[in-house]
Amino acid sequence: MASPFIELNVGDRVIKVTNPDKIYFPDLGATKRELVEYYVSVGEGALRALKDRPTYLKRHPDGVQSEAIYQKRVPPRHPDWLQTVTIRFPSGRSADALRVTEVAAIAYCANLGTIDFHPWPTRADDVEHPDELRIDLDPQPGTDFEDARRAAFAVREVLDELGMRGFPKTSGTRGIHINVRIERRWSFTEVRQSAIALAREVERRRPDLTTTAWWKEERGEKVFIDYNQNARDRTIASAYSVRARPYAPVSTPVTWEELADVNPRDFDIRTVPPRFAKLGDLHREIDDQAFALEPLLESYAKDERGDMPYPPNYPKMPGEPKRVQPSKARPSSGED
């Protein structure tokens, strides 16, 4: 028997939504149809965050309680109008990833069970030079969103002094993301070095609250500033991305004024559409100005500590320190 379906008009496309009444988010009783319609309702903002970017899909075809499929390559069978872009992984291998060019592409992927959208910080016409510096504030065990909030304002203080404008959003879980539009003049390595420099400066000012320690055993009860989110092939959930939780939270742009007392649990696939209809996209000015990274790169170059570890799946990078958990490192023998 054929699956039940409905058809939605999205721009010039007709998107078929199969099994529209399947429950995807049990805490809300929200369905697959609601997921697709959510993305259409915030389409302008979701498209701004994803447009022309290589994008990975985090799919849960049977809802959030099913196992995730993290898809870096575009599905082999897809409509002719769905576009792709070739990307290169740290290993040197390449693949054709989704290139989002219209809201219908987002809706089409949502019908495939895509809940989270994870874009690269680059555009399809130049995948080697990021246009976005990403600051990911990740509360560690013993800390919470309130700690991430305080860390975000510490980040803002540094950005203000650099003359840079950051655009905050809830992560959709416990953390906060701050995106900064940058000029497309630097490599992934240089953008990551800039992130390290910024993170170290925030840590220097708020050592009681934040940490740049890559190894979890060294972080303590602090907010980790994940500089490695700026490495090639690392992604974070986009603005307006739903997160795969039973209560259907959304990674939601907020103003700095709102961030002072916002509750991230207030943002889900049912509350964000009316908010968006009233306020529009709070990140609509993000492309108005791109900033230079020289001050951060100069700070990185002057820091005698040099580079920091990459994620474990990356090849050994030039200048990277020993990539071994401190508690498992062998003591030096003292011999040359």
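We number each residue from 1, following the sequence as shown.
- At least one side-chain heavy atom of Pro54 sits less than 4.5 Å from a side-chain heavy atom of Val127.
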Problem - side chain to side chain contact (heavy atoms under 4.5 Å, CB included) between Tyr310 and Trp214, intermediate numbers included - result: CA-CA 8 Å; Tyr310 275 77; Trp214 175 248; over 6 Å; no

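- A salt bridge links Arg205 with Glu161: at least one charged nitrogen is closer than 4.0 Å to a carboxylate oxygen.
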Exercise for the section: Test side chain to side chain contact (heavy atoms under 4.5 Å, CB included) on Glu37 and Leu8 and set out the steps. Expected result: CA-CA 9 Å; Glu37 290 180 334; Leu8 299 178; 4.0 Å; yes

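- Residues Ser187 and Glu128 fail the side-chain proximity criterion, which asks for heavy atoms closer than 4.5 Å.
- Between Arg245 and Asp27 no salt bridge is recorded (no basic side-chain N to carboxylate O distance below 4.0 Å).
- Under the 3.5 Å distance criterion, the side-chain polar atoms of Thr252 are left unmatched by any main-chain donor or acceptor of Thr170.
- The closest donor-acceptor contact from the side chain of Arg232 to the backbone of Phe188 lies at 3.5 Å or more, if one exists at all.
- Atom-to-atom distance recorded for Asp62:CG and Lys22:NZ is 4.0 Å, nearest 0.5 angstrom.
- Salt bridge present: Glu34 and Arg270 bring a charged side-chain N and a carboxylate O closer than 4.0 Å.
- Judged purely by distance below 3.5 Å, without hydrogens or angles, the side chains of Arg219 and Gln140 pair a donor atom with an acceptor atom.
- Tested against Val155 for a side chain to side chain contact (heavy atoms under 4.5 Å, CB included), the candidates Val223, Val180, Thr210, Leu198 yield a single pass: Leu198.
- A salt bridge does not link Arg200 with Glu203: none of the charged nitrogens is closer than 4.0 Å to a carboxylate oxygen.
- Side chains of Asp233 and Tyr56: a donor on one and an acceptor on the other come within 3.5 Å.
- When side chains are defined from C-beta on, Ser251 does not count as touching Ser238, because their heavy atoms never get closer than 4.5 Å.
- For the pair Lys316 (side chain) and Pro321 (backbone), a donor-acceptor distance under 3.5 Å is present.
- Between Arg184 and the options Asp131, Asp125, Asp126, a salt bridge (charged side-chain N to carboxylate O under 4.0 Å, His left out) holds for only Asp125.
- A donor-acceptor pair under 3.5 Å is formed between the side chain of His60 and the backbone N or O of Ser66.
- Counting non-hydrogen atoms of neighbouring residues, nucleotides and ligands closer than 6.0 angstrom, the CZ atom of Arg265 reaches no more than 12 such neighbours.
- Considering CD of Glu132 and CG of Asn179, their distance stands at 4.0 Å, rounded to 0.5 Å.
- Taking the charged nitrogens against the carboxylate oxygens, Arg243 and Asp116 do have a contact shorter than 4.0 Å, which makes a salt bridge.
- A salt bridge links Arg99 with Asp52: at least one charged nitrogen is closer than 4.0 Å to a carboxylate oxygen.
- With respect to the salt-bridge test (charged N to carboxylate O, under 4.0 angstrom), the residues Arg48 and Glu44 qualify.
- Not a single donor-acceptor pair under 3.5 Å links the side chain of Asp12 to the backbone N or O of Ala104.
- By the 4.5 Å heavy-atom criterion applied to side chains, Ser94 and Ile87 are not counted as neighbours.
- Here the closest non-hydrogen pair linking Ala49 and Pro119 is O-CG, 4.1 Å.
- Comment: Asp136 does not engage Arg234 in a salt bridge, judged by the lack of any side-chain N to carboxylate O separation of less than 4.0 angstrom.
- In Glu217, the CD atom is crowded: over 12 heavy atoms of neighbouring residues, nucleotides or ligands sit closer than 6.0 Å.
- Put simply, the side chain of Glu218 does not reach to within 4.5 Å of the side chain of Thr211, judged on heavy atoms.
- Panel note: side chain Lys32, backbone Tyr24; no donor-acceptor pair is recorded below 3.5 Å.
- When the side chains of ILVMFWY residues are joined at heavy-atom separations under 4.5 Å, either directly or via intervening members, Phe267 and Leu282 end up in two distinct hydrophobic clusters.
- With contacts defined as side-chain heavy-atom distances shorter than 4.5 Å, the pair Trp120/Thr235 qualifies.
- Side-chain atoms of Asp144 do not come within 3.5 Å of backbone N or O of Pro139 as any donor-acceptor pair.
- Note that CG of Leu159 and CD of Glu157 are 10.0 Å apart. Values are rounded to the nearest 0.5 Å.
- With rounding to the nearest 0.5 angstrom, the CD1 atom of Ile23 is 6.0 Å from the OG1 atom of Thr31.
- Cluster membership for Leu98 and Val40, using ILVMFWY side-chain heavy atoms within less than 4.5 angstrom, is shared.
- Rounded to the nearest 0.5 Å, atoms NZ (Lys16) and OH (Tyr108) are 11.0 Å apart.
- For Asp287 and Arg123, the salt-bridge test passes: some basic side-chain N is under 4.0 Å from an acidic carboxylate O.
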Exercise for the section: Starting from the C-alpha separation in whole Å, work towards a yes-or-no answer on side chain to side chain contact (heavy atoms under 4.5 Å, CB included) for Arg165 and Gln289. Expected result: CA-CA 9 Å; Arg165 183 179 180 186; Gln289 184 177 5; over 6 Å; no

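- Counting heavy atoms from C-beta outward, Val42 and Val250 have side chains that stay 4.5 Å or more apart.
- Under the side chain to side chain contact (heavy atoms under 4.5 Å, CB included) rule, Tyr39 has a single partner from Leu47, Val242, Val103, Thr114, which is Val242.
- Here the side chain of Arg181 pairs no donor or acceptor atom with the backbone of Phe167 at under 3.5 angstrom.
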Exercise for the section: Report the C-alpha separation of Arg192 and Glu320 in whole Å, then their side-chain angles, then the decisive distance to 0.1 Å, and conclude whether the salt bridge (charged side-chain N to carboxylate O under 4.0 Å, His left out) test is met. Expected result: CA-CA 12 Å; Arg192 178 179 172 276; Glu320 182 188 0; 5.9 Å; no

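- Judged purely by atom type and a 3.5 angstrom limit, Lys222 uses its side chain to pair as donor or acceptor with the backbone of Pro207.
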Exercise for the section: Tell me, with the steps shown, if Arg134 and Gln229 meet side chain to side chain donor-acceptor pair (under 3.5 Å). Expected result: CA-CA 7 Å; Arg134 294 173 171 176; Gln229 294 293 21; over 6 Å; no

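- Remark: the backbone N or O of Glu294 is not paired with any side-chain donor or acceptor of Trp186 at under 3.5 angstrom.
- Side-chain heavy atoms closer than 4.5 Å link hydrophobic residues (I, L, V, M, F, W, Y) into clusters, and following such links, possibly through other members, connects Phe276 to Val10.
- Clustering ILVMFWY residues whenever any of their side-chain heavy atoms sit less than 4.5 angstrom apart, transitively, puts Ile236 in a cluster other than the one holding Ile176.
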Problem - Criterion salt bridge (charged side-chain N to carboxylate O under 4.0 Å, His left out) on Asp147 and Arg206, from CA distance to verdict - result: CA-CA 11 Å; Asp147 298 296; Arg206 293 301 311 268; over 6 Å; no

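- Cluster annotation: Leu296 is not connected to Ile196 through the hydrophobic network of ILVMFWY side chains, with a link wherever side-chain heavy atoms come within less than 4.5 Å.
- The pair Asp303-Arg305 meets the salt-bridge criterion, with a side-chain N (NZ, NE, NH1 or NH2) lying under 4.0 Å from an Asp/Glu carboxylate O.
- Note that CZ of Arg59 and CG of Asn111 are 9.5 Å apart. Values are rounded to the nearest 0.5 Å.
- Between Ile69 and Pro61, the closest side-chain pair of non-hydrogen atoms falls below 4.5 Å.
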Practice task
Walk me through it: do Arg53 and Val100 pass the test side chain to side chain contact (heavy atoms under 4.5 Å, CB included)?
Solution key: CA-CA 6 Å; Arg53 299 189 184 280; Val100 177; over 6 Å; no

